[in-house]
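Residue numbers start from 1 in every chain, and the chains themselves are labelled A, B, ... in the order their sequence lines are given, proteins ahead of strands. Atom set for the values below is all heavy atoms of this structure, side chains included, hydrogens, waters and symmetry mates excluded.
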2 protein chains.
Amino acid sequence: MTLDPPWQPPAWSLDPSRPLYEQISRLIRTELACGRLAPGTRLPPVRELAVHLRVTPNTVMRAYVELERDGLIQTFRGQGTFVSRDPSVVTASRRALAREAVSYVERIAESMGMSVEALIRLAKGEDEGGDSA
Amino acid sequence: MTLDPPWQPPAWSLDPSRPLYEQISRLIRTELACGRLAPGTRLPPVRELAVHLRVTPNTVMRAYVELERDGLIQTFRGQGTFVSRDPSVVTASRRALAREAVSYVERIAESMGMSVEALIRLAKGEDEGGDSA
DNA sequence: GAAATTGTATTAAGTCATTTGATACAAAGT
DNA sequence: ACTTTGTATCAAATGACTTAATACAATTTC
């Protein structure tokens, strides 16, 4: 019995706007955070994922290294790459992604001199003033 | 009577993480959006701002071109560069910045399979489940 | 009109991160 | 042994960004 494909990336979302290795690691990060990638799941071998994503094994490797540096995955020579079995890394990853995104809007909101809530309201279409009364 | 400095950038916030011209245009965009840069205000000459920011006139020019392409500023040879007098561009710029930031979090939230509100709550520290009752 | 100011255009070069491509080695499984 | 898989290294190509220098064009100022 041959090994069945361990996990397939959900979509072809690699664009040249940002580094490929970053997009790859972010993709896996997200899949892990939302539970579509269960703890302990085996990831595709670097060579295989490289072919699938049309990049060099080196590039996939760079993404894997980054993920392992952050404790999200573990690699074993000859065996493969696996999502960490520690369930806390999932929640940690969720938090990290959430914090990253939210702190981004917070930065923008602050530079524009408004609250995040106001920023969202503004984006959604309501007027901006607040002093219309 | 000599021309007094038209407008001075608020802070030295140029880092190598992103393109310089992008940071410059974003800076002006933000200043315009939050009203610190009034319509019709004259911007520093490319050469002057270049010296002030320690970059090449070319780089400042690239930022100005980008801003003019979006209708936020207008340039006149021999006169200088001015913020558009059209007050609607301010509100449009506000909206654009807000939309950009919010759509970013929306994208992240969606990829994580949650709402923006939940994402913010998660980032702020409360638990994620919601089934804790 | 001459000079200064300011925007615009062009060209060559240099820097840097990213990516490729190739190759070799190391550890685990069969 | 042989295959699979991760790891390491190196040279090269690519491309975006930035610098630097220079010249030209329009407007203001003298």
Side-chain angles (χ1 to χ4, degrees), chain A residues 1-8 12-28 40-84, chain B residues 1-8 12-28 40-84:
Chain A
M1 63 173 183
T2 58
L3 291 173
D4 41 18
W7 171 78
Q8 294 291 105
W12 287 69
S13 45
L14 294 192
D15 55 277
S17 68
R18 304 243 59 197
L20 300 179
Y21 74 91
E22 188 182 302
Q23 296 182 55
I24 295 171
S25 62
R26 169 172 291 277
L27 172 63
I28 295 173
T41 305
R42 180 161 175 263
L43 294 176
V46 282
R47 291 170 179 82
E48 191 179 310
L49 185 53
V51 171
H52 187 219
L53 295 177
R54 315 278 219 141
V55 296
T56 292
N58 253 339
T59 302
V60 176
M61 189 58 194
R62 194 165 172 182
Y64 278 11
V65 165
E66 205 183 66
L67 291 168
E68 179 156 41
R69 177 174 45 73
D70 293 356
L72 296 178
I73 66 178
Q74 269 181 308
T75 61
F76 304 95
R77 260 207 265 246
Q79 304 185 58
T81 305
F82 302 86
V83 175
S84 167
Chain B
M1 61 170 181
T2 57
L3 291 173
D4 41 18
W7 170 79
Q8 293 291 104
W12 287 67
S13 46
L14 294 193
D15 56 277
S17 68
R18 301 244 60 195
L20 302 179
Y21 75 89
E22 188 183 302
Q23 296 181 56
I24 297 172
S25 63
R26 168 172 292 275
L27 172 63
I28 296 173
T41 305
R42 181 161 174 265
L43 294 177
V46 282
R47 290 169 179 82
E48 191 179 311
L49 186 52
V51 170
H52 187 219
L53 295 177
R54 316 277 220 142
V55 296
T56 293
N58 253 339
T59 303
V60 177
M61 188 58 193
R62 194 164 173 183
Y64 279 11
V65 166
E66 205 182 68
L67 291 168
E68 179 156 40
R69 176 173 47 72
D70 293 358
L72 296 177
I73 67 178
Q74 269 181 307
T75 61
F76 304 96
R77 259 207 263 247
Q79 303 186 55
T81 305
F82 302 85
V83 176
S84 167

**Student:** Can you measure L49(A) atom CG to dT7(D) atom P for me and round it to whole angstrom units?
**Tutor:**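 Going from L49(A) (CG) to dT7(D) (P), I get 14 Å.
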
**Student:** Quick one: which of dT7(D), dT18(C), dT18(D) gets closest to the side chain of L20(B)?
**Tutor:**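 Of the options given, the side chain of L20(B) lies nearest dT18(D).
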
**Student:** Checking the side chain of Q23(B) only, and the main-chain atoms of D15(B) only, is there a donor and an acceptor separated by less than 3.5 Å?
**Tutor:** yes

**Student:** Main chain of S25(A), side chain of E66(A): is a donor-acceptor contact present, judged purely on distance under 3.5 Å?
**Tutor:** no

**Student:** Counting any heavy atom closer than 4.0 Å, what does V65(B) reach on the DNA or RNA strands: base, sugar-phosphate only, or nothing?
**Tutor:** nothing

**Student:** Which nucleotide sits closest to the side chain of T56(B): dA20(D), dG21(C), dT18(C)?
**Tutor:** dA20(D)

**Student:** Round to a whole Å and report the spacing from CZ of R18(A) to P of dC17(D).
**Tutor:**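 Rounded to the whole Å, the gap is 11 Å.
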
**Student:** Does a nitrogen or oxygen in the side chain of Y21(B) sit under 4.0 Å from OP1 or OP2 of dC17(D)?
**Tutor:**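 So the side-chain polar atoms of Y21(B) do come within 4.0 Å of the phosphate oxygens OP1 or OP2 of dC17(D), strictly under.
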
**Student:** What is the distance, to the nearest angstrom, from the CZ atom on R47(A) to the P atom on dA24(C)?
**Tutor:** 14 Å

**Student:** Between M61(B) (CE) and dA25(D) (C1'), how many Å, whole number?
**Tutor:**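 It works out to 12 Å between those atoms.
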
**Student:** Around atom CZ of R69(B), are there more than 12 heavy atoms from other residues, nucleotides or ligands closer than 6.0 Å?
**Tutor:**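 More than 12 heavy atoms, drawn from other residues, nucleotides or ligands, come within 6.0 Å of this atom.
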
**Student:** Is the phosphate of dT18(C), meaning OP1 or OP2, less than 4.0 Å from a side-chain N or O of R62(A)?
**Tutor:** yes

**Student:** OP1, OP2 of dT5(D) versus side-chain N and O of T75(A): anything below 4.0 Å?
**Tutor:**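 So the side-chain polar atoms of T75(A) never come under 4.0 Å of the phosphate oxygens OP1 or OP2 of dT5(D).
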
**Student:** Return no unless some side-chain N or O of T81(A) is found under 4.0 Å from OP1 or OP2 of dG6(D).
**Tutor:** yes

**Student:** Between C1' on dT5(D) and CG on N58(A), what's the gap in Å once rounded to a whole number?
**Tutor:** 15 Å

**Student:** Can you find a side chain N or O atom of R42(B) that sits less than 4.0 Å from OP1 or OP2 on dT6(C)?
**Tutor:** yes

**Student:** Could you say whether G80(B) or Q23(A) is positioned toward the 5' end of DNA chain C, judged by the nucleotide with the nearest heavy atom to each?
**Tutor:** G80(B)

